[in-house]
Amino acid sequence: MTDNGKPKYFSLMEQLRNDIVSGVIRPGEKLPSENELSQKYSLSRHTVRKALGILEQDGYVEAFHGRGTYCSENMRHIKKSKNIAVVTTYISDYIFPRLIQGMDNVLSESGYSIILKNTANSRQKEARCLEELLKKDIDGLIIEPSKSEMICKHRNLYQNLDKFDIPYVFIQGIYSEMRDKPHILMDDAQGGYLVTKYLLDLGHKKIKGFFKADDMQGLKRHKGYVKALQEAGISYDPDDVIWFHTEDRKIKPALMAKEMVQNGQLPDGIVCYNDQIAVQVMEELEKLGIRIPEDVSITGYDNSLYAQRGGGITTIAHPQEKLGEMAAELILEKINGVSEAESKVERLIHPELIIRGSCRKAE
């Protein structure tokens with residue numbers, strides 16, 4: 001027993017823990033050996049080993065056979081860093097700059113800096129990003145999930161974030177098994193409905209769709225497309241839908257558009273997953289002598305710069321900056337301890353139809 005009545009191993013454990021929490025011993029730093037601690041504090045190696053065992057069990061240190069004992073990298077999260085990590089699928093994506101601007105507008109006012117990562121919509125890269133971020137000083141995370149329609153195979157990494165009280169907010173998608181976590185989404189089903197209904201209101205009957213199969217946005221936009229057709233009394237034909245994935249998104253839409261013309265299956269209208277796909281389809285059709293909108297009406301999604309060139313593309317407005325601001329406000333709420341009861345888990349952004357020159361009335 002020590003003078004304060006505590007067991008010697010417990011007093012040593014408290015001393016080392018205080019050194020870790022105060023930053024005297026930093027994450028990743030090697031602790032003195034058992035012999036060195038034994039000599040420094042005039043304790044037996046058994047007592048030292050017992051103190052280190054408690055620290056390891058509580059996650060403060062990690063012991064490696066033959067190498068020694070190190071302060072856990074996870075201790076980086078004990079003190080506030082004023083860093084927020086932002087992980088998106090594509091940094092080069094046209095949505096990205098204004099999305100980040102919206103986040104920075106809010107976060108910088110509260111003294112936070114942004115750490116950027118991107119996954120290229122790869123689940124393996126997302127897992128690596130999370131592993132890296134768990135070793136960095138961050139107070140929160142805003143993340144766009146990769147291939148959000150598929151089961152998350154690295155849920156343990158999100159559980160580690162929970163374990164270390166690092167709040168996170170999903171944007172533009174959410175894994176189905178994690179819908180209880182805070183997330184901000186576009187109402188993509190309504191967006192898909194609006195562009196399809198617009199084509200139907202113009203008198204078009206045969207409408208094909210190009211949709212992305214491996215993220216939530218694609219499936220929701222397809223759902224809206226189907227709803228609009230059904231409301232108009234038009235039977236849904238799965239052969240009218242071209243599905244593509246992340247890996248073939250730069251090739252398949254154009255190939256299928258070409259095949260459509262060669263097979264004499266040009267529709268009255270085409271609903272595209274986003275503006276990039278709309279441009280890809282339009283360029284391929286124009287190469288084949290198809291006039292837009294004279295021969296076929298085409299819609300996009302996101303109201304990007306792609307949609308604003310020339311005569312423009314009828315599209316759905318994507319309030320990128322507003323989404324960024326909402327995500328930043330929500331992560332700050334979580335950091336500041338606002339409860340789930342006081343803060344909505346799901347927040348939806350309502351779509352707006354933007355009409356431009358890529359569509360015309362049916363003759």
Side-chain angles (χ1 to χ4, degrees), residues 89-98 120-121 172 186 188 191-192 194-200 202-215 217-219 221-222 224-225 228 237 239-318 320 351 353-363:
T89 51
Y90 299 105
I91 282 182
S92 60
D93 191 23
Y94 53 73
I95 291 173
F96 177 77
R98 289 182 62 192
N121 208 29
Q172 306 211 98
M186 278 283 291
D188 285 305
L194 288 175
V195 286
T196 309
K197 186 176 185 302
Y198 178 67
L199 292 178
L200 291 164
L202 290 176
H204 300 307
K205 301 297 182 186
K206 187 68 172 176
I207 301 172
K208 287 185 179 286
F210 285 66
F211 299 104
K212 195 160 179 279
D214 56 10
D215 65 28
Q217 296 100 305
L219 271 66
R221 292 169 195 178
H222 171 261
Y225 160 85
D237 184 350
D239 290 339
D240 284 336
V241 174
I242 289 88
W243 292 102
F244 61 93
H245 295 77
T246 298
E247 292 74 14
D248 59 14
R249 72 189 187 284
K250 295 182 179 179
I251 300 170
K252 188 174 180 181
L255 286 176
M256 297 308 292
K258 182 177 181 179
E259 187 177 301
M260 203 165 54
V261 174
Q262 291 174 337
N263 293 339
Q265 296 177 341
L266 187 70
D268 304 324
I270 300 174
V271 173
C272 293
Y273 167 76
N274 65 15
D275 297 336
Q276 282 179 317
I277 300 302
V279 168
Q280 195 182 135
V281 170
M282 289 167 71
E283 288 178 348
E284 188 63 30
L285 292 178
E286 286 169 346
K287 285 180 191 175
L288 299 168
I290 304 299
R291 300 168 303 162
I292 298 157
E294 290 81 2
D295 298 324
V296 59
S297 292
I298 295 180
T299 67
Y301 203 109
D302 287 337
N303 193 30
S304 67
L305 291 175
Y306 291 103
Q308 298 171 38
R309 295 172 182 167
I313 301 172
T314 294
T315 187
I316 293 293
H318 188 302
Q320 301 103 316
L353 181 67
I354 305 294
I355 298 171
R356 295 200 180 94
S358 62
C359 302
R360 64 174 293 182
K361 284 187 177 181
E363 295 179 353

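Numbering starts at 1 and runs along the sequence shown.
Atom-to-atom distance recorded for Lys205:NZ and Asp268:CG is 9.5 Å, nearest 0.5 angstrom. Atom CG of Leu305 is separated from atom CD of Gln276 by 11.0 Å, given to the nearest 0.5 angstrom. Here Ile290 contributes atom CD1 and Met260 contributes atom CE; the two are 8.5 Å apart, rounded to the nearest 0.5 Å. Taking CG of Asp248 as the start and CG of Leu255 as the end, the distance is 9.0 Å to the nearest 0.5 Å. A distance of 12.5 Å separates NZ of Lys208 from SG of Cys272, quoted to the nearest 0.5 Å. To the nearest 0.5 angstrom, Cys359 atom SG is 8.0 Å from Ile298 atom CD1.
Of all non-hydrogen atoms in Asp275 and Ala307, the two that sit nearest each other are OD2-CB, 3.5 Å. When all heavy atoms of Thr299 and Val271 are compared, the closest pair comes out as OG1-CA, 3.4 Å. Nearest heavy-atom pair, Ile313 versus Gly300, reported as atom, atom and distance to 0.1 Å: CG2-N, 3.5 Å. Residues Ile316 and Met186 share a closest heavy-atom pair of CG2-CE, 4.2 Å. Nearest heavy-atom pair, Thr196 versus Tyr225, reported as atom, atom and distance to 0.1 Å: OG1-CA, 3.4 Å. Here the shortest heavy-atom pairing between Ile277 and Arg249 reads CD1-O, 3.8 Å.
Judged purely by distance below 3.5 Å, without hydrogens or angles, the side chains of Thr315 and Asn303 never pair a donor atom with an acceptor atom. His204 and Ser297 share a side-chain donor-acceptor pair at under 3.5 Å. Checking Asn121 against Thr89 by side-chain atom types alone, no donor-acceptor pair falls below 3.5 Å.
Asp188 has a carboxylate O that lies under 4.0 Å from a charged side-chain N of Arg221, or vice versa, which qualifies the two as a salt bridge.
Under the ring pair (Phe, Tyr, Trp, His ring centres under 6.0 Å) test applied with His222, the options Trp243, Tyr301, Tyr273 reduce to a single match, Trp243.
For Lys252, there are no side-chain hydrogen bond (donor to acceptor under 3.5 Å, both in side chains) partners at least two apart in sequence or on another chain. Not counting sequence neighbours, the partners of Asn263 by the side-chain contact (heavy atoms from CB on, under 4.5 Å) test are Glu259, Gln265. With sequence neighbours excluded, no residue forms a salt bridge (charged side-chain N to carboxylate O under 4.0 Å, His left out) with Glu294. Here Ile355 pairs with Tyr198, Thr314, Leu353 under the side-chain contact (heavy atoms from CB on, under 4.5 Å) rule; sequence neighbours left out. Every residue meeting the side-chain hydrogen bond (donor to acceptor under 3.5 Å, both in side chains) condition with Lys206, not counting sequence neighbours, appears here in chain and number order: Asp240. Applying the side-chain contact (heavy atoms from CB on, under 4.5 Å) test to Lys258 and every residue at least two apart in sequence or in another chain returns Gln262, Glu284, Leu288.
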Would you check, one step at a time, whether the test side chain to side chain contact (heavy atoms under 4.5 Å, CB included) holds for Ile270 with Leu285?
CA-CA 11 Å; Ile270 300 174; Leu285 292 178; 4.1 Å; yes
Applying side chain to side chain contact (heavy atoms under 4.5 Å, CB included), run through Gln308 and Arg356 and close with a yes or a no.
CA-CA 8 Å; Gln308 298 171 38; Arg356 295 200 180 94; 3.5 Å; yes
From CA spacing to verdict: salt bridge (charged side-chain N to carboxylate O under 4.0 Å, His left out), Lys212, Asp214
CA-CA 6 Å; Lys212 195 160 179 279; Asp214 56 10; 2.9 Å; yes
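Residues Phe244 and Phe211 keep their aromatic ring centres 6.0 Å or farther apart.
Put simply, the side chain of His318 reaches to within 4.5 Å of the side chain of Gln172, judged on heavy atoms. Residues Phe210 and Asn274 have side chains not in contact (no heavy-atom distance under 4.5 Å, counting atoms from C-beta outward).
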